[in-house]
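Reminder, nothing fancy here: chain letters follow the sequence lines and each chain counts from 1. Note that this is a predicted model, so its numbers are computed, not measured.
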Amino acid sequence: MFPALRDEVASALDAALSARELPTDDLGIEEPPDDVDSVLASSVAFRLAGEVGAAPPQVAAELADEIDVDELRYVDRVETQGPYVNFLPSPTYYAETVEAATADDYGHRPDRDESVVVEHTSANPTGPVHVGRARNPIIGDAVATLLSYAGYDVDRHYYVNDAGRQIAVFTWAYETFDEADLPEPQREKADYELVRYYRKGNAFLEDGPAAEVEAAEAEIESIMQGLEAGDEDAYERVTEVVDQVLGGMRETLARLPAEYDEFVKETRFMQDGSTDDVVSRLQDVDEAFYEDGAWQLDLSAFGMEKPFVFLRADGTSLYTTRDVAHHEWKFEQYDRAVTVIGEDHELTFEELRKALSLLGHDTENLEQLFYSWVNLPGGEGMSTREGTGIDLDDLLDEAIDRAREEVEDRLDDRIRDDDLTEDDIERIARQVGIGAVRYDIVAKQPTKAITFEWDRALDFEAQSAPYVQYVHARCCGILEEAGLDPGNVQDGLATTIDTDALATDAERDLIETIGRFPWEIEEAADDLEPHRIATYTREFAETFNAFYRECPVLADDVDTDTRDARLALVAASKHTMANALNVLGVAPPRSM
RNA sequence: GGGCACGUAGCUCAGUCCGGAUAGAGCGUCGGACUUCUAAUCCGACGGUCGUGGGUUCGAAUCCCAUCGUGCCCGCCA
């Protein structure tokens, strides 16, 4: 609804300025502070004051006069407050907003007929997913859902690095060491069991006997050569390790939940010859040169001093070379490609982009979303190889445990006599616990570095998931109390809603906030900023809680029209919050 | 040394892209509100030279320059 209002205001302003032959390049449309009555305003009068030769407030007044609100559907009044032109919404705007939000898919934007692949997580299959890596699927999943709400046709990919040196090391270690010599696994799960070989292998290469290390290096080299040559045997040896570890990682990611449409293996682009093809085409570009036995790209014309090596002296390709082939494959199938990736890959990603561009690709439709590292207190990093870091499984277990304690502590204080069952308690603990972890991460700008601290990550107070989830539970509670099914409210709502009955400030504010949701989706999707939806859920929760406090829905002294209208507003609120939470990947609880 | 990012209240963060109305939340501290559709809620108080210094502008947390601090990167690893 808000997008329509905004369009209308823009064209009305444009027309008013044109009528007076004033520039229309910057309409100065903005959202006014909370204590101003309007929902949209323009500060254009500031800029025009010089040109018109009058003070800004006078210019604003003249512009307001120029606009005929009778011709506008969603604007009721145009008022000025000093230099600002304020637009107040019409009854039609309020009515249509409530109407639109009673549909349970509220917030979805029209189909754009544009496909986009969101690649996220893509953690190397070397061991259990730790909290440092968890930022990726949480942001990535939210971005994918956000784009889907914004009308794009979205696929989610996990790119499996099954071809690098680390995987060759892992394969060699898996085949070499005896399980009896390994420590007990931290969990009975393939990723925890196998990572022991990986860690032992890396430690051995670092300070094992020189001769044995040399032999091991030769074996590792032969695995890499085998993969490069598309050798079936090498592929099978690596796959034996990769598939087991990845299986364990997928189980953990599924707990978030993060699901993928496709797991794309790096070796695929070696076996099908596309990496070789990329190499030969790169060798032909003007920027390519051969030095010290390796093929490289001179990117200094792009301000990048470091040459990009795309073929090693031993003839094997590098990660980024294979990623070029991978991205050419993506562009054959999708209009856009978005990659969620750690900031440590920023330079590599830029090399990828330049290489693609030198091969004649338009890289405008390749976008990336960088997130900063998650460190442990004291500045220590998280490393699978060294075994430092907090495993995501442990974090989720702890989150659920703490949430369950919280639910149980609150049982005695509950006013509502809905008799939570054991299943309910378990459900709430899971929704709140995992929701809190996701919300804590998705609500922050990805570029900000995070230091992991248990108490902070699992704080259920603050501006956290339970705070916004509670609004959803409150909505469901009211709907159920009124005899409606929260899962399908439309059947139970009155057929005609008199939104004029929703006249208090609290009700108006709530409708206005609901109306902004589709706009927030569009804006957040355009900028790939899911954290804005988290900010929105907080603002929405505050607005709803004010309504909850001031506007009883089911009390005896509420007349039927008001009750019906408020019930519709609660249903609209429920859909808004449920869908906003859905974008964030946070579960919307029916009760808490 | 070079590149990129970040710096807003004691703490954790919105707001910065696209400059506009007294810079917003939460936590913490202090004081209030459950015979009421669930108090995981709400109301109030206290708390900020928006890292620092210049510049542009009618107007700067927001744009530009410089500078300091922190993180990440600068490998024929991924």
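- Contact annotation: Tyr548(A) side-chain N/O to rA39(B) OP1/OP2 distance is under 4.0 Å.
- The closest side-chain donor-acceptor pair between Asp162(A) and Thr267(A) falls under 3.5 angstrom.
- Applying the side-chain hydrogen bond (donor to acceptor under 3.5 Å, both in side chains) criterion to Arg410(A), with sequence neighbours excluded, gives Glu406(A).
- Ring planes of Phe269(A) and His326(A): tilted class, angle from 30 to 60°.
- Between Leu40(A) and Glu266(A), the residue anchored nearer the 5' end of RNA chain B, judged by the nucleotide with its closest heavy atom, is Leu40(A).
- When heavy atoms are screened at a 4.0 angstrom cut-off, Arg322(A) is found touching the sugar-phosphate backbone but no base atom.
- Checking rU38(B), rU41(B), rA40(B) against the side-chain heavy atoms of Ser591(A) singles out rU38(B) as nearest.
- For rC37(B), neither phosphate oxygen OP1 nor OP2 lies less than 4.0 angstrom from any side-chain nitrogen or oxygen of Arg549(A).
- Rounded to a whole angstrom, the distance from the P atom of rG51(B) to that of rA14(B) is 14 Å.
- As a whole-Å value, the separation of Asp409(A) CG from rU38(B) P is 21 Å.
- Atom name C1', nucleotides rC37(B) and rC63(B): the rounded distance is 49 Å, in whole Å.
- A heavy atom lying under 4.0 Å from RNA chain B marks the following residues of residues 303-311 of chain A, by number: Lys306(A), Val309(A).
- Counting heavy atoms of neighbouring residues, nucleotides and ligands inside a 6.0 Å radius, atom CG of Asp559(A) exceeds 12 of them.
- Electrostatic pairing of Glu523(A) and Arg516(A) does not count as a salt bridge here, judged by no charged N lying under 4.0 Å from a carboxylate O.
- For rC42(B), the OP1/OP2 oxygens have a side-chain nitrogen or oxygen of Asn545(A) closer than 4.0 Å.
- Nucleotides rU16(B) and rG28(B) place their P atoms 28 Å apart, quoted to the nearest Å.
- Taking the side chain of Pro32(A) as heavy atoms from C-beta on, and the options rC58(B), rA21(B), rA5(B), the nearest nucleotide is rA21(B).
- Side chains of Val437(A) and Leu458(A) form a contact here, defined as non-hydrogen atoms less than 4.5 Å apart.
- Residues Glu350(A) and Gln368(A) fail the side-chain proximity criterion, which asks for heavy atoms closer than 4.5 Å.
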Could you write nucleotides 59-73 of chain B as a row of B, S and -, 5' to 3', where a protein heavy atom under 4.0 Å of any base atom gives B, of only sugar-phosphate atoms gives S, and otherwise -? ------------BSS
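- A donor-acceptor pair shorter than 3.5 Å cannot be found between the side chains of Arg566(A) and Thr562(A).
- Counted by atom type alone, Glu30(A) and Ser43(A) present one or more donor-acceptor pairs between their side chains at under 3.5 Å.
- At least one side-chain heavy atom of Ser591(A) sits less than 4.5 Å from a side-chain heavy atom of Arg427(A).
- Thr339(A) and Tyr159(A) form no side-chain donor-acceptor contact under 3.5 Å, judged by distance and modelled atom types alone.
- Between the side chain of Thr348(A) and the base of rA78(B) there is at least one donor-acceptor pair of N/O atoms closer than 3.5 Å.
- Here the separation of rC4(B) from rG48(B), taken at their C1' atoms, is 29 Å to the nearest Å.
- Only the C1' atoms considered, rC74(B) is 34 Å distant from rU56(B), to the nearest whole Å.
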Dot-bracket encoding per residue of RNA chain B, Watson-Crick/G-U cut-off under 3.5 Å, | denoting interstrand: (((((((..((((......[...)))).(((((.......))))).....(((((..]....))))))))))))....
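- With both ends at atom P, the span from rG54(B) to rU62(B) equals 14 Å, rounded to whole Å.
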Between side-chain atoms of residues 472-485 of chain A and protein atoms elsewhere (two or more places apart, or another chain), which donor-acceptor pairs fall under 3.5 Å?
unit_1: His472(A); atom_1: ND1; unit_2: Pro589(A); atom_2: O; d: 2.8
unit_1: Arg474(A); atom_1: NH1; unit_2: Asn545(A); atom_2: OD1; d: 2.7
unit_1: Glu480(A); atom_1: OE1; unit_2: Arg416(A); atom_2: NH2; d: 3.2
unit_1: Asp485(A); atom_1: OD1; unit_2: Gly487(A); atom_2: N; d: 2.9

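- Checking rC17(B), rU12(B), rA40(B) against every side-chain atom of Lys444(A), the shortest atom distance belongs to rU12(B).
- Contact check, Arg312(A) against rC77(B): a side-chain N or O comes under 4.0 Å of OP1 or OP2.
- Distances shown here put a side-chain N or O of Tyr470(A) below 4.0 Å from the OP1 or OP2 atom of rA40(B).
- No side-chain N or O of Gln283(A) forms a donor-acceptor pair with one of Tyr290(A) less than 3.5 Å apart.
- Between rC27(B) and rC68(B), the two P atoms lie 38 Å apart (nearest whole Å).
- Heavy-atom nearest nucleotides on RNA chain B were determined for Ala541(A) and for Phe547(A), and the one closer to the 5' end corresponds to Phe547(A).
- Distances shown here put every side-chain N or O of Arg538(A) at or beyond 4.0 Å from the OP1 or OP2 atom of rA25(B).
- Proximity of Arg532(A) to the phosphate of rC17(B): no side-chain N or O atom is located under 4.0 Å from OP1 or OP2.
- In the region residues 287-302 of chain A, proximity to RNA chain B at under 4.0 angstrom, judged on heavy atoms, holds for Glu291(A), Asp292(A), Ala294(A).
- For rC34(B), the base adopts the syn conformation, since its glycosidic angle falls within 90 degrees of zero.
- Taking atom C1' in both rA9(B) and rA25(B), one finds a spacing of 11 Å when rounded to whole Å.
- In this structure, Arg566(A) does not reach the rC37(B) phosphate: none of its side-chain N or O atoms is under 4.0 Å from OP1 or OP2.
- If you check every strand for non-hydrogen atoms under 4.0 Å, Val432(A) touches a base.
- Thr504(A) and Glu507(A) share a side-chain donor-acceptor pair at under 3.5 Å.
- Ring geometry, Phe540(A) versus Phe544(A): the interplanar angle falls under 30°, so the pair is classed parallel (tilted spans 30 to 60°).
- Using a 3.5 Å distance cut-off with no hydrogens or angles, the side chains of Glu228(A) and Ser317(A) do pair a donor with an acceptor.
- Taking only side-chain nitrogens and oxygens, Gln445(A) never comes nearer than 4.0 Å to OP1 or OP2 of rA5(B).
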